[in-house]
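Heads up: the structure comes next, in structure tokens.
The shown structure was predicted, so the numbers you read here are calculated from the model rather than taken from an experiment.
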Amino acid sequence: MFSKILIANRGEIAVRIIRACREMGISTVAIYSEADKNAMHVQLADESYCVGGSRVADSYLNMPAILTVAIESGAQAIHPGYGLLSENAKFVSLCEQCNINFIGPTSEMIKLLGDKDNARKTMRAAGVPVTPGCDIIEDPVKAREEAEKIGFPLLIKARSGGGGKGIRRVDCIEQFDEAFAAASSEAQSAFGDGACYMEKFIHPVKHIEMQLLSDKYGNTICLGERECSVQRKNQKMIEESPSPALDDRTRKEMMKAAVKAAKAVNYVNAGTVEFLLDMDNNFYFMEMNTRLQVEHGVTEMVTGLDIVQWQIRIAAGGKLTRTQDSIFTHGNVIECRINAEDPEHGFRPSCGRIKRLHIPGGSFVRFDTAIFQDYFIPPYYDSMIGKLIVQARSRELAIRKMKMALSELTIDGIDINRDLLAEILSDEQFVSGEYTTDFMLDFEKKHKDGKK
């Protein structure tokens, strides 16, 4: 087992990893930007080092500075958390060259699955259901011809990256040329790779993902699903497990497909296979995330397993001690992402000093965060400041418990999305469990019409 780990991240996920390490008796090294010098992860770690200016590019993406700190501090491994460098094959390759363990898959694995077009081909060959579409086409004229073959509506999707960037929906051929150019340009700007492929736009759908753990000895287990269909502009807002949409047969088939996907590429560490589920219970592979997911806490609560600690054990050469038939889920879990933003004014990001803070408590209530009273939320980073997670015996009770926890959450001094989340939880479509990825479009339209 490692004796010292560097956490190449910030905010709530850095705090989450530090706590997992402390439970395991592992020393921690934090990195921070000039804007984060007073951040909670800096205070909790055994050692902390500044790696650059306030901007992400100057600090949390500063590979030479991060690796220098890792070497000088004697860290044997780096945990990347999610986002930032977590799926950066170049960074993982540099870790490998410096003989530093990267807590995640290899650089080659990240390259293979980070190329979404390549991943589709690999899964298709392995017998995993894939959304109908076409592979990478760079010539706009040929792309237009292929689009007409696929039929409309369709999605143009960037080969690289994530976070909803480089994706465009096209409803008719007249929209195609502009959408193809826009998706490619956005992908080039965000990921340095403008290559795009196309998929049939299956609609309406649910977004369901399967959490996996795979060790270095060929063992893979699936920890069940998370439903992530409440999204705005491809950004998840609420997640739950189990999904109200899955019957036992479909769940088992989807779990088998997820394990098959991991074994097809000899995957190692924690990973998530994302699927689209149509209204006839047909599911299709969308992509595989080669990192810890933001919403991993949902699966931790429903299974009782610590995914971060298992990531560390696997990276250190540990073997999975759990088998698929020993994985059980308990009750229903719901997570709400708490963002520093103003939904009433176009979801404008909010920064500033927290004047008053009250975090909800009670049995089976978890709040993953790095904020504290008098903390100043800087303007340089992602707006998510916490994840509120609850567990109850049934979905109805979990919704009620989450609404109660949200009503108790108090963060004065900044704008947050708490009231919006509470409204979503009360919406008939959400309560029924029949919501799809279109939910927020319908929800915002209803509210807009209601204000007229």
Side-chain angles (χ1 to χ4, degrees), residues 56-57 61 82-91 109-124 130-148 150-203 205 207 209 228-229 231-237 271-276 284-291 293-294 347 349 381-384 437-438 440-441:
V56 170
L61 295 180
Y82 52 71
L84 299 175
L85 295 170
S86 62
E87 292 181 288
N88 189 305
K90 179 184 176 184
F91 180 68
M109 186 63 58
I110 290 173
K111 275 183 202 168
L112 171 66
L113 293 168
D115 181 333
K116 295 179 176 60
D117 177 60
N118 223 347
R120 279 167 49 85
K121 292 175 185 172
T122 304
M123 296 308 155
R124 198 185 298 132
V130 174
T131 312
C134 73
D135 300 334
I136 291 293
I137 299 180
E138 297 189 21
D139 181 346
V141 176
K142 288 183 180 175
R144 185 185 174 97
E145 291 171 1
E146 197 63 41
E148 290 186 306
I150 295 168
F152 298 94
L154 59 78
L155 291 176
I156 301 167
K157 301 178 81 172
R159 169 171 64 186
S160 304
K165 290 185 172 62
I167 299 176
R168 292 292 185 278
R169 174 178 167 173
V170 185
D171 292 313
C172 59
I173 193 65
E174 289 76 21
Q175 299 173 352
F176 184 80
D177 293 344
E178 184 180 345
F180 188 82
S184 181
S185 174
E186 186 175 72
Q188 182 65 43
S189 175
F191 316 121
D193 179 4
C196 294
Y197 62 97
M198 291 180 285
E199 288 181 344
K200 180 72 178 169
F201 181 61
I202 301 170
H203 177 265
V205 292
H207 182 159
E209 58 189 30
C228 314
S229 301
Q231 303 175 7
R232 183 177 181 275
K233 294 187 175 178
N234 298 310
Q235 295 292 314
K236 299 166 187 172
M237 299 173 69
T272 302
V273 182
E274 305 205 7
F275 293 101
L276 296 176
Y284 305 93
F285 172 85
M286 186 166 60
E287 63 182 355
M288 184 167 182
N289 288 307
T290 56
R291 56 169 167 79
Q293 292 281 83
V294 174
F347 292 83
Y381 312 115
D382 185 83
S383 63
M384 193 185 78
T437 53
D438 282 340
M440 282 307 294
L441 289 173

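Within the 4.5 Å cutoff, the side chain of Tyr381 has heavy atoms near those of the Val56 side chain. Looking only at side-chain heavy atoms (C-beta outward), Leu113 and Glu287 stay at 4.5 Å or farther from each other. By the 4.5 Å heavy-atom criterion applied to side chains, Asp438 and His203 are counted as neighbours. Contact of the Arg169 side chain with the Gln175 side chain is not registered, since no non-hydrogen atoms from C-beta on lie closer than 4.5 Å. With a 4.5 Å cut-off on side-chain heavy atoms, Val130 and Tyr284 do not count as touching. Residues Phe275 and Glu209 fail the side-chain proximity criterion, which asks for heavy atoms closer than 4.5 Å. Looking at heavy atoms from C-beta onward, Arg159 lies out of side-chain contact with Cys196 at the 4.5 angstrom threshold.
Thr437 and Gln231 are not linked by any side-chain donor-acceptor pair at a separation below 3.5 angstrom, with hydrogens and angles left out of the test. Looking at Thr272 and Asn289, their side chains never bring a donor and an acceptor atom within 3.5 Å of each other.
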- Message: Determine whether Met198 and Phe176 satisfy the following criterion, side chain to side chain contact (heavy atoms under 4.5 Å, CB included), listing intermediate values before the conclusion.
- Response: CA-CA 11 Å; Met198 291 180 285; Phe176 184 80; 3.5 Å; yes

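Cation-pi geometry between Arg232 and Phe347 is met: under 6.0 angstrom from the ring centre, within 45 degrees of the axis.
Annotation for Glu178: atom CD does not count as buried by contact number, only 12 or fewer foreign heavy atoms lying within 6.0 Å.
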